[in-house]
Number of protein chains: 2
Amino acid sequence: MSTPGSRRRRPTIYDVARLAGVSTATVSRALNDTGQVAEPKRVAIDAAVEQLGYRPNTIARSLVTRATQTIALLLPDITNPFYAELVAGIQALTLERDYTMLLCTTGFDPELEERYLRLLRAKHVDGALVDGLVLPPERIARFVEDGFPIVCLDRDVSSPAVPLVQVDNRLGAGMATEHLLSLGHRRIAHIAGAPARISEERLLGYQAALESAGVTPDSALVALGAFTETGGHDAMCALLESAPDLTAVFAANDLSAIGAINAIVASGRSVPGDVSIVGFDDLRLSRFTSPPLTTVRQPADEIARHSTELLLGMIAGRKPRKIHHLFVPELILRDSTRTPR
Amino acid sequence: MSTPGSRRRRPTIYDVARLAGVSTATVSRALNDTGQVAEPKRVAIDAAVEQLGYRPNTIARSLVTRATQTIALLLPDITNPFYAELVAGIQALTLERDYTMLLCTTGFDPELEERYLRLLRAKHVDGALVDGLVLPPERIARFVEDGFPIVCLDRDVSSPAVPLVQVDNRLGAGMATEHLLSLGHRRIAHIAGAPARISEERLLGYQAALESAGVTPDSALVALGAFTETGGHDAMCALLESAPDLTAVFAANDLSAIGAINAIVASGRSVPGDVSIVGFDDLRLSRFTSPPLTTVRQPADEIARHSTELLLGMIAGRKPRKIHHLFVPELILRDSTRTPR
DNA sequence: GCGCTTACTGTAAGCGCTTACCTATGGCGC
DNA sequence: GCGCCATAGGTAAGCGCTTACAGTAAGCGC
């Protein structure tokens with residue numbers, strides 16, 4: 001079947017055509033099921049393909065069809081399990097649809113974002129799903145004008161051609177904060193995320209909830225956690241210094257909540273005994289932490305499916321009907337919150 | 001500069017050549033820095049490129065050069081933070097080298113693995129890094145014979161053309177188990193991973209350590225955890241049933257250790273008071289769990305860099321000198337282990 | 001002034017596909 | 001038996017690059 005070790009030329013459509021005694025056009029039509037081809041020829045072609053071990057060269061195909069059956073995913077940090085869950089969801093759908101996925105992690109770096117976006121154009125990727133975007137909307141617009149399908153997962157780029165699908169961050173942050181308020185907490189700290197739109201939204205939701213409960217926001221109660229365990233840990237240490245009377249904290253994501261819990265415990269306090277904590281994301285993991293984490297769930301899988309579906313639709317030429325898709329977050333009560341002492 | 005909204009044809013190398021008053025060959029040479037180009041022409045070409053906003057079409061380029069500047073990464077589950085860390089390391093290097101990365105998650109499914117491998121060939125990806133492989137070696141061999149560079153991250157496929165770079169799993173498992181033994185534990189359970197080579201290796205290391213300490217392995221002390229939190233949790237519940245006298249457990253990875261801790265605590269026992277637990281991986285997260293996890297560290301970053309470097313070298317035509325690269329694991333002592341009561 | 005380099009540059013042939021366009025064939029209604 | 005249409009399949013022109021090959025001009029030693 002194959003001479004092991006021989007690095008012979010891979011068979012092309014010409015080889016198949018010759019062996020099957022037809023033209024390349026017919027082979028192409030048979031293989032792609034476009035146009036009609038008589039049964040006997042089809043059989044001959046299949047046999048030739050089989051015998052030669054022929055696989056169409058998708059590069060050549062892409063050159064003429066201008067489609068690569070590939071989408072790209074830009075996100076800040078694959079190491080964050082929430083993004084990983086998103087990727088898993090996206091991958092599941094791309095697999096179904098015979099698309100392939102290029103992964104680009106940008107670390108909230110606008111230079112890198114633009115570099116990747118340009119690269120993706122050059123590679124003629126069919127479209128992109130972008131998350132953690134920090135590039136100014138007008139620079140994104142340049143790509144969109146060019147006819148490059150993009151769907152955003154976290155920020156409105158105020159272009160009618162770029163749909164946004166995400167969870168309602170402000171609402172979620174409000175739910176978390178209200179939960180703590182309703183338990184009786186008043187000194188509620190916030191561990192903010194990395195400087196990006198979603199962090200602002202969550203901060204805003206937190207502040208709004210405090211205000212509407214008559215609690216004046218105190219800047220000593222806010223620290224930066226950067227969405228990581230380490231960041232959350234360090235932020236918590238700082239908060240414990242700057243506001244030792246805090247009784248609760250709303251962390252911008254589960255990872256920083258986990259870091260914060262570690263810091264709280266290390267300081268000799270207990271969760272939720274001395275301080276209650278609520279996260280954001282509802283990682284698969286968060287059900288298993290000690291204590292299991294009360295958190296705001298965002299439906300990673302639905303976001304993944306919906307956005308990918310939308311992007312694939314745009315690639316196929318469909319205009320998105322709805323430009324904003326806000327998923328409703330859900331408060332998941334577990335054991336990291338309770339009434340203050 | 002650009003007429004917004006007009007979906008005009010993207011400029012090609014011909015447009016640049018015409019505008020700069022040179023041939024396409026010269027443009028190509030100037031842009032790729034191959035062959036000599038007189039300074040004035042170079043300037044004219046740069047100006048034309050700038051004016052037209054020209055970006056070379058990499059598809060067309062790939063068709064002739066037979067290189068795509070893309071590598072693929074096959075792994076079982078991106079949702080596992082260890083793999084995510086690996087991806088981050090690989091991505092960092094590919095970025096440096098102007099390569100791009102296709103991500104394929106296979107979920108330990110051999111069908112999917114083969115499907116992806118075939119797809120990668122068709123897409124003319126330059127090479128692949130594969131992890132969590134369950135496909136029989138001979139099927140992998142087919143791709144390798146074809147001259148497709150592959151480096152494995154977890155299993156020897158016994159082909160001289162396929163390097164393996166991984167941590168010494170058996171050694172690591174031995175270290176974990178010996179640690180537990182040295183603390184005085186005798187009833188040591190094991191939560192095994194998903195059915196794959198690394199799980200076997202870790203099981204073997206565990207058993208060997210027990211035996212050389214004169215403890216006879218007991219099948220009631222082994223349960224399947226599938227490398228996930230849920231799996232670890234369920235396995236632990238089963239173990240608590242089948243061997244309630246256990247005092248320690250070695251989990252095949254950190255994620256299942258976290259699940260196990262949750263189960264132990266839920267059963268009214270404490271970690272490490274009633275049962276000690278050691279994981280494997282040393283996720284970034286594991287330092288922050290409650291209690292912080294004693295674990296066997298595998299150097300994700302080094303594995304990532306080394307394997308990628310190797311693959312890129314193979315793509316450039318270099319033969320790997322060493323075919324096996326075993327990293328030495330390191331036992332990280334934290335707070336989830338102590339002497340039995 | 002001649003032959004030989006050396007430095008540039010252009011011409012054109014592909015890379016492996018898809019597809020517009022055209023031709024041939026056979027069935028069918030009359 | 002003829003015109004017409006549907007069906008099948010071939011021809012060849014690209015898609016946008018790279019690069020082998022050839023050619024020109026300038027520089028140089030003698």
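Hydrogens, waters and symmetry mates are skipped; everything else that's a heavy atom, side chains included, is used. Reminder, nothing fancy here: chain letters follow the sequence lines and each chain counts from 1.
Between A:H325 and A:H306, the ring planes lie tilted relative to each other; the angle falls in the 30° to 60° range.
When the P atom of D:dA8 is taken as reference, atom CD of A:E39 falls 10 Å away, rounded to whole Å. As rounded to whole Å, 8 Å separates atom P of D:dG16 from atom NE2 of A:H124. The distance from atom CZ of B:R18 to atom P of C:dT11 is 13 Å, rounded to the nearest whole Å. The distance between atom CG of A:D33 and atom P of D:dG9, rounded to the nearest whole Å, is 14 Å. Across the protein-nucleic acid pair, B:I59 atom CD1 and C:dT18 atom P stand 14 Å apart, rounded to whole Å. Straight-line distance from the OH atom of A:Y14 to the P atom of C:dG16: 9 Å, rounded to whole Å. Look at CG on B:D15: it is 9 Å from P on D:dC17, rounded to the nearest Å. Note: NZ (A:K123) to P (D:dC15) measures 22 Å, nearest angstrom.
Residues A:Y54 and B:V37 each lie close to DNA chain C; by heavy-atom proximity, the contact nearer the 5' end of the strand is made by B:V37. In terms of position along DNA chain C, the nucleotide closest to B:G35 lies nearer the 5' end than the nucleotide closest to the other residue of the pair B:T24 and B:G35.
B:E138 CD: more than 12 foreign heavy atoms inside a 6.0 Å radius.
The listed nucleotides are C:dG10, D:dC15, D:dA12; the one nearest the side chain of A:L63 is D:dC15. Distances were taken from every side-chain heavy atom of A:T12 (C-beta onward) to each of C:dG16, C:dT19, C:dT9; the shortest belongs to C:dG16. For A:A25, the listed nucleotide lying nearest its side chain is D:dA12; candidates were C:dC17, D:dA12, D:dT18. Distance from the side chain of B:A38 is smallest to C:dT9 among C:dT9, C:dG10, D:dG10. Of the listed nucleotides (D:dC15, D:dG9, D:dA8), D:dG9 has the atom at the smallest distance from the side chain of A:K41. Which of C:dG16, C:dT19, D:dT18 sits closest to the side chain of B:S28 comes down to D:dT18. Closest to the side chain of A:V64, out of D:dC15, D:dA12, D:dG16, is D:dC15. For A:Q36, whose side chain is taken as the heavy atoms from C-beta onward, the closest listed nucleotide among C:dT9, C:dA12, D:dA8 is D:dA8.
Residues B:V134 and B:F108 approach most closely at CG2-O, 3.5 Å, considering heavy atoms. Minimum interatomic distance between B:P163 and B:I150 (heavy atoms only, all atoms of both residues): CD-O, 3.4 Å.
Taking only distance into account, the side chain of A:R66 never meets the base of D:dG16 through a donor-acceptor pair shorter than 3.5 Å.
A donor-acceptor pair is defined here as one N or O able to donate and one able to accept, closer than 3.5 Å; such a pair exists between the side chain of A:D15 and the backbone of A:T12.
For the OP1/OP2 pair of D:dG9 and a distance below 4.0 Å, the side-chain nitrogens and oxygens of A:S23 include no atom meeting the criterion. At the phosphate of D:dT18, OP1 or OP2 sits under 4.0 Å from a side-chain N or O atom of B:N32.
Taking CD1 of B:I323 as the reference point, atom OG of B:S159 lies at 6.5 Å (rounded to 0.5 Å).
Checking D:dG29 for Watson-Crick or G-U wobble geometry (two distances, each under 3.5 Å) identifies C:dC2 as its partner. When both pairing distances are held under 3.5 Å, D:dG10 makes a Watson-Crick or G-U pair with C:dC21.
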